Amino acid sequence: MGQISDQRNAPVTGASRPAESNRPAEPIALVGLSCRLPQAADPSAFWQLLHDGVDALTDAADRWAIPAGERRAGFLADVAGFDAGFFGISPHEAAAMDPQQRLVLELAWEALEHAGIAP
């Protein structure tokens with residue numbers, strides 16, 4: 001019978017070693033964090049949701065017509081609550097923006113604040 005070679009236990013040769021210059025000098029750290037998830041407006045609310053084992057899905061029938069069998073979905077709260085003036089955007093321009101762009105602006109600002117960096 002033939003031998004099965006296990007690559008995990010194979011010796012590391014000089015050619016297969018990663019270059020020392022490719023390794024980061026310091027460990028990676030998360031400094032600032034922000035999120036918007038169904039029933040969780042910030043990271044601490046998200047961790048509490050996970051800790052409590054809460055189902056964040058809600059009935060989708062009130063939002064739009066949905067296919068049979070798909071009755072529940074996750075929705076973000078207060079999507080229309082964007083403060084355009086805070087970002088120096090006119091109300092007309094804010095209404096024309098993609099909601100995802102507005103959300104990215106809010107999340108980036110919150111991540112910088114969470115990190116203690118003046119945006």
Side-chain angles (χ1 to χ4, degrees):
M1 294 183 72
Q3 266 187 315
I4 297 174
S5 173
D6 186 358
Q7 294 294 330
R8 294 173 292 180
N9 295 328
V12 178
T13 64
S16 64
R17 284 189 185 137
E20 292 296 322
S21 63
N22 291 341
R23 292 186 182 171
E26 297 179 17
I28 297 174
L30 293 177
V31 179
L33 195 60
S34 69
C35 71
R36 290 283 191 290
L37 299 164
Q39 297 188 22
D42 57 40
S44 62
F46 173 66
W47 291 118
Q48 189 63 47
L49 196 79
L50 289 177
H51 179 268
D52 296 344
V54 174
D55 180 7
L57 299 181
T58 58
D59 188 21
D62 296 340
R63 298 280 180 140
W64 58 77
I66 54 174
E70 297 178 20
R71 305 295 306 166
R72 295 174 55 75
F75 299 102
L76 298 181
D78 197 26
V79 175
F82 179 71
D83 187 359
F86 179 79
F87 292 100
I89 298 172
S90 71
H92 178 72
E93 184 180 6
M97 287 175 71
D98 186 322
Q100 292 177 354
Q101 291 174 329
R102 298 190 304 252
L103 188 60
V104 166
L105 276 174
E106 290 176 341
L107 291 173
W109 189 275
E110 287 176 15
L112 290 170
E113 281 183 332
H114 186 258
I117 299 171

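As the structure is a computational prediction, the values presented were derived from the model and not from experiment.
In terms of heavy atoms, P43 sits closest to C35 at N-SG, 3.5 Å. For V31 against H114, the heavy-atom pair with the smallest separation is O-ND1, 3.8 Å. The heavy-atom pair separating D83 from E106 by the smallest distance is N-OE2, 4.3 Å. Considering every non-hydrogen atom in both A94 and I89, the closest pair reads N-CG2, 3.7 Å.
Of the possible donor and acceptor atoms, none in the side chain of D52 sits under 3.5 Å from a partner among the backbone N and O of V54.
The hydrophobic clustering, which links ILVMFWY residues whose side-chain heavy atoms are closer than 4.5 Å, places I117 and W109 apart.
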Kindly indicate, with the supporting measurements, whether the criterion side-chain contact (heavy atoms from CB on, under 4.5 Å) is fulfilled by L105 and M97.
CA-CA 11 Å; L105 276 174; M97 287 175 71; 4.0 Å; yes
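Considering L107, D42, L112 in turn, L107 is the only one that fulfils the side-chain contact (heavy atoms from CB on, under 4.5 Å) rule with S34.
Here F82 contributes atom CZ and Q101 contributes atom CD; the two are 9.5 Å apart, rounded to the nearest 0.5 Å.
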